[in-house]
Amino acid sequence: MGTDFIRQRIGGDLDAGNVEGGIVTRFPPEPNGYLHIGHAKSICLNFGVAEEFGGVCYLRFDDTNPANEDEEYVHAIQRDVRWLGFDWGDRLTYASDYFEQLYQFAEELVRDEKAFVDSQSAEEIRIARGTLTKPGQDSPYRSRSVEENLELLQGMRAGQYADGEQVLRARIDMASPNVNLRDPVLYRIRHIPHQRTGDTWCIYPTYDFTHCVCDALEGITHSLCTLEFEDHRPLYDWVLDNINVNFHPPQIEFSRLGLEYTVMSKRLLAQLVSDARVSGWDDPRMPTLAGMRRRGIRPAAIRDFCGRIGVTKSDNRVEMSLLEFCVRQDLEAVAPRGMAVLDPLLVTLTNYPEGQTEELGAAWHPQQPERGERQMPFGAALYIEREDFAEEPPPKYRRLTPGGMVRLRYGYIIHCDEVVKDTEGRVTELRCSYVAESRSGSDTSGLKPKGVIHWVAVHAAVQVEVRLYDRLFKVAAPEGQDLTDTLNDASLRSVQAQVEPAIIASDEPRFQFERVGYFFKDPVDSIAGSPVFNRIVTLRDGRAKGR
RNA sequence: UGGGGUGUCGCCAAGUGGUAAGGCACCGGGUUUUGAUCCCGGCAUUCGCAGGUUCGAAUCCUGCCACCCCAGCCA
């Protein structure tokens, strides 16, 4: 793990003896959607920092707005954090755990004349707030007496008012150049049952009032959040400076993650789900942790990625190639190899005894012979990849051509004698001859074909569905554009592939289909004996290179 | 046009006055029965721009410029 500005700051605080009790951080998601890879950055930071400095990290649900939140998300978030490999131990909390204390602090602010109940409508408040360049106007209710404010606030809590009728506001400065300080709302009335507190409350504290107080109560030593909250820091500090709480965490901001060809806003992701542009939050094309998990990406790859992107304050949009690199690197040593033909072209070996078959040994992992091998059935009828044959090969083409030869990986060298086409001119079959003495491992032919291709014997091939995923969007930065014309309609392609039987018989969840990519048995749609494979990522393609 | 931020290679990102780390990508080359993996090598005389201070600046000062965020009773 590199040392970013936050870790440097924490290390410095530790060295200076500013944090006696050890580091305490928190990951504070609102349960209103699924976690995505941008959250993973924050999770890896908060939990990672706690681990590295011998501290602890809370998982705290920021459930202050029952209108947006749902229990489903609470479960999904816990699952995702755990899947990523982090453990909050007994430090699972909810902002709602502190509702009573929050309320008491609110009364305290009222008693100290630091807050007042405003009876203006939301619209009136908005207008009086001024603009970015014009100062706001004080509310006519700004100087109500402590007694009146207290009675009003208690009345709000008791349910005497309708939604929006009253609101508790901090009394700060309506002329502040920072609009967040223009008497921000601390409590609003919402006659909505809360998923955890039921109908105990009909007033709910806002983020700005809640977050800093929860941080203080939990003794968070470093409150890490994203850049858009930088303007809120004065308010964070104001609240803690004006209530009787003896702990004041520093808020430190870092930039959120941007990733090319996808979006990271929960709003847009939720829209993709509700508009059925994807199959759900766990659609393998989604940048959600649930989606990436279903795609077949392992948590180690995501953690590696989060370590490589760093933590800074600069706006960023990371290239997809970095994520892909992390995914491939993680899978390279782990995934057993197998062969699958995605777009089959029939090859008939004219000199191979009709009806004869044999078994050819093939390593599960060429760099790890200890993993053993499987037997690949071989016969006179084979499938090869359609794109591994070219009638008019481009320069440096290393596969089959009319009159050319290639090696069938772990098998024989074949020679293309005849190209059979249908009436449309489409190639339907290649009639080839095999070199009997070229069998892999006992090759005495002396031939040196320039290429090696994968294949599957027709008589033993199993047809399965393979889902080929591509980027969700056609443009690198889709935000702010119309989904309909930026969405990549080729982001999912389903094909019927021919795979070797050993893959079907294996319990391995992930394979590298040689020369094609890494694939994962879809955990939802696979049936015993009839798996559906998701393409996790393609193999790196060095085809452009010379040599 | 008010406030808050950010600008170092195509993308991330070190660097905190001593003469531009690293990763990804890309480009060579080697090994290879996966055009994969692996291995070697290349890749910013320059740090948004312009001045200034200094023996010396990406790092300090001044002035510009560009981009991002903020006017929810969302977080």
Side-chain angles (χ1 to χ4, degrees), chain A residues 2-4 8 28-30 32 62 64-65 67-68 118 120-122 125-127 129-136 163-169 176-182 184-190 203-204 206-208 210-211 225-234 253 255 257-258 260 266-267 307-326 328-329 332-333 337 339 366-367 396-399 406-411 413 438 440-441 443 448-454 476 512-517 538-547:
Chain A
T3 175
D4 50 75
Q8 284 175 24
E30 182 186 16
N32 68 342
D62 213 336
T64 59
N65 189 347
N68 297 339
D118 197 339
Q120 293 183 103
S121 67
I125 290 176
R126 186 178 63 74
I127 290 165
R129 184 150 33 227
T131 70
L132 294 179
T133 50
K134 273 180 299 220
D163 288 8
E165 209 176 324
Q166 311 285 357
V167 83
L168 181 74
R169 291 229 262 169
S176 173
N178 180 346
V179 293
N180 294 123
L181 261 22
R182 319 243 261 229
V185 170
L186 266 24
Y187 262 98
R188 71 287 217 191
I189 300 171
R190 287 275 128 88
I203 58 173
Y204 294 96
T206 55
Y207 165 84
D208 285 310
T210 308
H211 205 84
C225 65
T226 43
L227 247 32
E228 67 272 25
F229 292 105
E230 215 153 14
D231 288 342
H232 293 245
R233 192 170 60 219
E253 310 86 6
S255 52
L257 169 67
E260 285 188 339
K266 268 196 238 176
R267 202 199 102 242
R308 287 168 184 273
I309 56 176
V311 179
T312 67
K313 298 187 70 150
S314 38
D315 295 329
N316 62 81
R317 176 159 239 121
V318 177
E319 290 178 345
M320 204 54 108
S321 63
L322 180 61
L323 212 210
E324 291 174 346
F325 167 81
C326 294
R328 290 188 189 108
Q329 185 178 256
E332 159 61 24
R337 267 94 250 234
M339 291 196 215
Q367 269 85 248
K396 293 176 181 165
Y397 191 73
R398 305 224 247 128
R399 293 165 272 169
V406 272
R407 159 143 249 136
L408 297 177
R409 167 141 247 227
Y410 295 125
I413 292 170
S438 69
S440 213
D443 182 4
K448 287 279 166 227
K450 64 283 184 193
V452 180
I453 64 174
H454 60 281
Q512 181 198 98
F513 292 168
E514 289 201 56
R515 305 208 311 129
V516 180
T538 59
L539 252 30
R540 185 159 165 265
D541 185 1
R543 214 162 284 182
K545 285 195 200 167
R547 157 66 203 193

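Each chain gets a letter, A, B and so on, in the order the sequences are listed, and its residues count up from 1.
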Verify the contact: side-chain N or O of [X] to OP1 or OP2 of [N], cut-off strictly under 4.0 Å; return yes or no.
| X | N | value |
| --- | --- | --- |
| A:Asn68 | B:C74 | no |
| A:Thr206 | B:C74 | no |
| A:Arg540 | B:U37 | yes |
| A:Thr131 | B:G2 | no |
| A:Arg190 | B:C74 | yes |

Contact class for [X] vs. all strands (heavy atom < 4.0 Å): base, sugar-phosphate, or nothing?
| X | answer |
| --- | --- |
| A:Glu165 | nothing |
| A:Pro28 | nothing |
| A:Ser121 | base |
| A:Arg308 | sugar-phosphate |
| A:Gly136 | nothing |
| A:Tyr207 | base |
| A:Arg129 | sugar-phosphate |
| A:Ser440 | base |
| A:Arg169 | nothing |
| A:Leu186 | nothing |
| A:Tyr397 | base |
| A:Arg328 | nothing |
| A:Tyr187 | nothing |

Looking at [options], which one has an atom nearest to any side-chain atom of [X]?
| X | options | answer |
| --- | --- | --- |
| A:Thr133 | B:A71, B:G3, B:U1 | B:U1 |
| A:Arg399 | B:G35, B:A13, B:U34 | B:G35 |
| A:Pro366 | B:U34, B:G35, B:G2 | B:U34 |
| A:Glu230 | B:G4, B:U37, B:A75 | B:G4 |
| A:Val185 | B:C73, B:A36, B:G35 | B:C73 |
| A:Leu322 | B:G3, B:A75, B:C24 | B:C24 |
| A:Gln8 | B:U16, B:G2, B:G35 | B:U16 |
| A:Arg188 | B:C12, B:C74, B:G15 | B:C74 |

>> Tell me if B:G17 is syn or anti. Syn = glycosidic torsion within 90° of 0, anti otherwise.
In response: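 Anti conformation here, the glycosidic angle of B:G17 being more than 90° from 0.
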>> Using side chain to side chain contact (heavy atoms under 4.5 Å, CB included), reason through A:Thr538 and A:Val516 one step at a time and then give a plain yes or no.
In response: CA-CA 6 Å; A:Thr538 59; A:Val516 180; over 6 Å; no
>> Give me the distance, rounded to whole Å, that separates B:G42 from B:C9 when you measure between the C1' atoms they each carry.
In response: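 It works out to 14 Å between them.
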> What distance, rounded to whole Å, do you find between the two C1' atoms, one in B:C49 and one in B:G41?
Replying inline: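 Taking atom C1' in both B:C49 and B:G41, they lie 35 Å apart.
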>> Checking the side chain of A:Thr226 only, and the main-chain atoms of A:Glu228 only, is there a donor and an acceptor separated by less than 3.5 Å?
In response: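 A pair under 3.5 Å: no.
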>> Please check: side-chain N/O of A:Arg317 versus main-chain N/O of A:Ala476, any donor-acceptor pairing under 3.5 Å?
In response: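 Here the side-chain-to-backbone pair exists.
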Under 3.5 Å, N/O pairs linking protein and nucleotides 66-69 of chain B:
from	atom 1	to	atom 2	distance (Å)
B:C68	O4'	A:Asp315	OD2	3.4

Round to the nearest Å and state the distance from [X] atom [atom1] to [N] atom [atom2].
| X | N | atom1 | atom2 | answer |
| --- | --- | --- | --- | --- |
| A:Asn316 | B:A25 | CG | P | 18 Å |
| A:Glu514 | B:U32 | CD | P | 17 Å |
| A:Arg182 | B:G2 | CZ | P | 13 Å |
| A:Asn180 | B:A75 | CG | C1' | 12 Å |
| A:Ile309 | B:A13 | CD1 | C1' | 11 Å |
| A:Arg126 | B:C70 | CZ | C1' | 16 Å |
| A:Lys313 | B:U8 | NZ | C1' | 18 Å |
| A:Glu260 | B:A25 | CD | P | 13 Å |

With hydrogens left out and only the distance checked, is there a donor-acceptor pair under 3.5 Å joining [X]'s side chain and the base of [N]?
| X | N | value |
| --- | --- | --- |
| A:His454 | B:A36 | no |
| A:Arg515 | B:U34 | no |
| A:Arg233 | B:G4 | no |
| A:Glu319 | B:G10 | yes |
| A:Gln512 | B:U34 | yes |

>> If the condition is ring pair (Phe, Tyr, Trp, His ring centres under 6.0 Å), which residues does A:His211 pass it with, not counting sequence neighbours?
In response: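 A:His211 satisfies ring pair (Phe, Tyr, Trp, His ring centres under 6.0 Å) with A:Tyr207 only.
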> Closest nucleotide of RNA chain B for A:Asn32 versus for A:Gln367: which of these residues is on the 5' side?
Replying inline: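 Whichever sits nearer the 5' end wins; that is A:Gln367.
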> For RNA chain B, whose closest nucleotide is more 5', that of A:Val318 or that of A:Glu30?
Replying inline: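 The 5'-side residue here is A:Val318.
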>> Please check if the number of heavy atoms outside A:Lys134 that lie under 6.0 Å from its NZ is greater than 12.
In response: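 Counting neighbours around NZ of A:Lys134, 12 or fewer heavy atoms of other residues, nucleotides or ligands fall under 6.0 Å, so no.
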Applying salt bridge (Lys or Arg N to Asp or Glu O under 4.0 Å), can you list everything that pairs with [X], at least two apart in sequence or on another chain?
| X | answer |
| --- | --- |
| A:Glu260 | none |
| A:Glu319 | none |
| A:Glu165 | none |
| A:Arg407 | A:Asp443 |

> Does A:Glu332 pair with A:Arg337 as a salt bridge, N-O distance under 4.0 Å?
Replying inline: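 Here A:Glu332 pairs with A:Arg337 in a salt bridge, since their nearest N and O are under 4.0 Å apart.
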> Would you call A:Glu230 and A:Lys313 a salt bridge, using N to O less than 4.0 angstrom?
Replying inline: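 Judged by the 4.0 Å cut-off on N to carboxylate O distance, A:Glu230 and A:Lys313 do form a salt bridge.
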> Where is the tightest heavy-atom contact between A:Asp62 and A:Pro28, given as atom of each residue plus distance?
Replying inline: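 For A:Asp62 and A:Pro28, the tightest heavy-atom pair comes out as CB-O, 3.9 Å.
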